[in-house]
Q: 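Quick one: structure below, then a few questions.
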Amino acid sequence: MTPHGLRLQRVRAARNLVSVALSMAATLFGLFWLIWILWTTVTKGLGALKWDLFIKMTPPPGADGGLANALFGSLIMSVVAILLGTPIGIAAGTYLAEYVNRHRIGAMIRFVNDILLSAPSIVLGLFVYELVVRQTGHFSGWAGAIALAFIVLPVVVRTTDEMLQLVPSQMREAALALGVPQWKVTIQVLFRAALPGITTGVLLALARISGETAPLLFTALNNQYWNADLSAPMASVPAVIFQYAMSPYESWHALAWAGAFVVTMFVLLLSLLSRAILSRNKVNHD
């Protein structure tokens, strides 16, 4: 090797070493804060975790209680949001992948969807506040569910679009060659092949809305009492965590940490479930 080539090799090796060192430092920096946050949440949340958390309602200052009404409210609004956002998201993603995949309008829709995907949740909450709350004259669980559905929608659209594009084109061609209509090909062939990925997207969307606070403060607000009526203000775990964490009462602080622990574990379980679905599908295809 010539002296010039040897010098160039050393320069490249030095640059590679610096890049690897900086990448490892950035990774360790991020992991440090993540582990610290998780450790604090687990230690403080486990200490406040008890059965009353799931059977008693949010208490007034100085009294014992739980988060039963907040857990119920979060569950109801999240389920309604998934039911509202998932069908529209799957339909929009299918339209992008199967009908306007290589058209300019498809690129425009993807661009708008990416903007919605990265939009701050508080902006979506303000939008639904103007759209629903001000029109009806009061906060409600429906408004909260609609705000969460706007967060679910772009996630499901993006996931459905990408999963359908990953389906081999030979499957489409084989089905169409047999004379099967396009809509039957989409439902009976493409959806079956992309179902694990689409399901994963829905689970990830559910995990994301589980901890959203800002949209609910502008839409569902909060409710100290048990409420199963979506047309009235409804409690939610993120909103209660925000309220109790800002209070001066130690008992409320304990409930806030317990609620944060429950939400964290729920999101973790959903992430593991989605990963398991994808891994199982990959093994089956292999």
Q: If two hydrophobic side chains count as joined below 4.5 Å and joins carry through other members, does Leu195 share a cluster with Ile88?
A: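 No, because Leu195 and Ile88 fall into different hydrophobic clusters, even though each may have its own neighbours under 4.5 Å.
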Q: Kindly say whether Val133 contributes a backbone atom to a donor-acceptor pair with the side chain of His138 at under 3.5 angstrom?
A: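 Not confirmed, His138 side chain does not pair with Val133 backbone.
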Q: Going only through I, L, V, M, F, W and Y residues with side-chain contacts under 4.5 Å, is there a path from Trp257 to Leu67?
A: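 In one cluster with Trp257: Leu67, no.
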Q: Looking only at heavy atoms, what is the nearest atom pair of Ile151 and Ser121, with distance?
A: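 Result for this residue pair: CD1-CB, 4.0 Å.
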Q: With under 30° as parallel and over 60° as perpendicular, where do the rings of Tyr95 and Tyr99 fit, or are they tilted in between?
A: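 Aromatic pair Tyr95/Tyr99 classed parallel.
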Q: Has Thr43 got a side-chain atom pairing as donor or acceptor with Thr40's backbone, closer than 3.5 angstrom?
A: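 Yes.
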Q: Could you walk me through whether Asp64 and Ser251 satisfy the side chain to side chain donor-acceptor pair (under 3.5 Å) test, starting with their C-alpha distance in whole Å, then the side-chain angles of each, then the deciding distance to 0.1 Å, before giving a yes or no?
A: CA-CA 7 Å; Asp64 294 330; Ser251 60; over 6 Å; no
Q: May I have all residue pairs that pass salt bridge (Lys or Arg N to Asp or Glu O under 4.0 Å) and include part of residues 167-189, sequence neighbours excluded?
A: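 Passing the test, one end in residues 167-189: Glu98-Arg172.
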Q: If you define the side chain from C-beta out and look only at heavy atoms, does anything of Arg7 sit under 4.5 Å from Arg10?
A: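 Arg7 does not reach Arg10 side chain to side chain.
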Q: Minimum heavy-atom separation for Pro87 and Ile82, please, with both atom names.
A: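 Heavy atoms of Pro87 and Ile82 come nearest at CD-O, 3.9 Å.
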Q: Students often mix this up, so state it plainly: with edges at 30° and 60°, are the rings of Trp252 and Tyr249 parallel, tilted or perpendicular?
A: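 Judged by the thresholds at 30° and 60°, the geometry between Trp252 and Tyr249 is perpendicular.
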Q: I would like to know whether Phe242 and Leu217 meet side chain to side chain contact (heavy atoms under 4.5 Å, CB included); could you show each step before the answer?
A: CA-CA 10 Å; Phe242 172 78; Leu217 293 177; 4.1 Å; yes
Q: Which atom pair, heavy atoms only, marks the closest approach of Trp226 to Ala68?
A: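 That would be CZ3-O, 3.7 Å.
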Q: Going from CG on Asn113 to OG on Ser118, what distance comes out if it is rounded to the nearest 0.5 angstrom?
A: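 With rounding to 0.5 Å, CG (Asn113) is 9.5 Å from OG (Ser118).
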Q: CG/Asn101 to CD/Gln165 distance, rounded to the nearest 0.5 angstrom?
A: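 Interatomic distance, Asn101 CG to Gln165 CD, rounded to 0.5 Å: 4.5 Å.
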Q: Do Leu126 and Leu116 land in one hydrophobic cluster if side-chain heavy atoms of ILVMFWY residues count as linked below 4.5 Å?
A: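 The answer is no; the residues belong to distinct hydrophobic clusters.
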Q: Tell me the closest heavy-atom pair linking Met77 and Ala235, and the distance in Å.
A: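 Smallest interatomic distance, heavy atoms only, reads CE-O, 3.8 Å.
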Q: Is any side-chain N of the basic residue among Asp161 and Arg110 closer than 4.0 Å to the acidic one's carboxylate O?
A: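 Salt bridge flag = yes for Arg110 with Asp161.
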Q: Do you know the tightest heavy-atom contact between Leu96 and Gly106?
A: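 Smallest interatomic distance, heavy atoms only, reads CD2-O, 3.7 Å.
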Q: For the CE atom of Met24 and the CZ atom of Phe29, what is their distance to the nearest 0.5 Å?
A: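 If I round to the nearest 0.5 Å, the distance is 16.0 Å.
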Q: For a side chain to side chain contact (heavy atoms under 4.5 Å, CB included) check, start with the C-alpha distance between Arg158 and Asp114, then their side-chain angles and the critical distance, and finish with the verdict.
A: CA-CA 8 Å; Arg158 183 73 171 271; Asp114 289 341; 2.9 Å; yes
Q: Taking atom OH of Tyr129 and atom CD1 of Ile146, what is their separation to the nearest 0.5 Å?
A: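 Spacing of OH (Tyr129) from CD1 (Ile146) equals 15.0 Å.
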Q: Could you tell me whether the side chains of Asn69 and Thr58 share a donor-acceptor contact shorter than 3.5 Å?
A: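 Looking only at side-chain atoms, Thr58 and Asn69 do form a donor-acceptor pair, the distance falling under 3.5 Å.
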Q: In the structure I gave you, are the side-chain heavy atoms of Val262 and Leu49 within less than 4.5 Å of one another anywhere?
A: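 Val262 vs Leu49: side chains touch.
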Q: Side-chain heavy atoms nearer than 4.5 Å, only ILVMFWY residues, links allowed to pass through others: does that put Ile122 and Leu148 together?
A: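 Each belongs to a different hydrophobic cluster.
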Q: Do Thr160 side-chain atoms and Val157 backbone N/O form a donor-acceptor pair below 3.5 Å?
A: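 Between the backbone of Val157 and the side chain of Thr160 there is no qualifying donor-acceptor contact (under 3.5 Å).
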Q: Which residue, Thr41, Ile35, Leu34, forms the side chain to side chain contact (heavy atoms under 4.5 Å, CB included) with Leu38?
A: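 For Leu38, the side chain to side chain contact (heavy atoms under 4.5 Å, CB included) check succeeds only for Leu34.
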Q: How long is the straight-line distance from CG of Leu230 back to CD1 of Ile76, given to the nearest 0.5 Å?
A: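 Between atom CD1 of Ile76 and atom CG of Leu230 there are 6.5 Å.
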Q: So which atom in Ser210 and which in Phe266 form the shortest heavy-atom distance, rounded to 0.1 Å?
A: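 Nearest pair, atom of Ser210 first, then Phe266: OG-CE2, 3.1 Å.
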Q: Looking at Val156, is its backbone amide N or carbonyl O close enough to the side chain of Thr159 to form a donor-acceptor pair, meaning the two atoms are under 3.5 Å apart?
A: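 No, the answer is negative, given that no donor and acceptor are paired below the 3.5 Å cut-off.
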Q: Rounded to the nearest 0.5 Å, what separates atom CD1 in Ile109 from atom NE2 in His103?
A: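 Between atom CD1 of Ile109 and atom NE2 of His103 there are 11.5 Å.
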Q: Using only atom types and a distance under 3.5 Å, with no angle test, would you say the side chain of Ser140 pairs donor to acceptor with the backbone of Pro233?
A: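 No, because the side chain of Ser140 does not come within donor-acceptor range (under 3.5 Å) of the backbone of Pro233.
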Q: Indicate, with yes or no, if the rings of Trp36 and Trp39 have centres closer together than 6.0 Å.
A: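 Not close enough - the centres of the two rings lie 6.0 Å or further apart.
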Q: Do Ile198 and Val155 share a hydrophobic cluster, counting only Ile, Leu, Val, Met, Phe, Trp and Tyr and linking them when any side-chain heavy atoms are less than 4.5 Å apart?
A: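 They do not share one cluster, since no chain of ILVMFWY contacts under 4.5 Å joins Ile198 to Val155.
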Q: Mind checking whether Val128 and Phe218 have side chains closer than 4.5 Å, heavy atoms only?
A: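 The answer is no; the side chains never approach within 4.5 Å.
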Q: Does Thr94 form a side chain to side chain contact (heavy atoms under 4.5 Å, CB included) with Thr186? I'd like the steps, not just the answer.
A: CA-CA 8 Å; Thr94 304; Thr186 302; 3.5 Å; yes
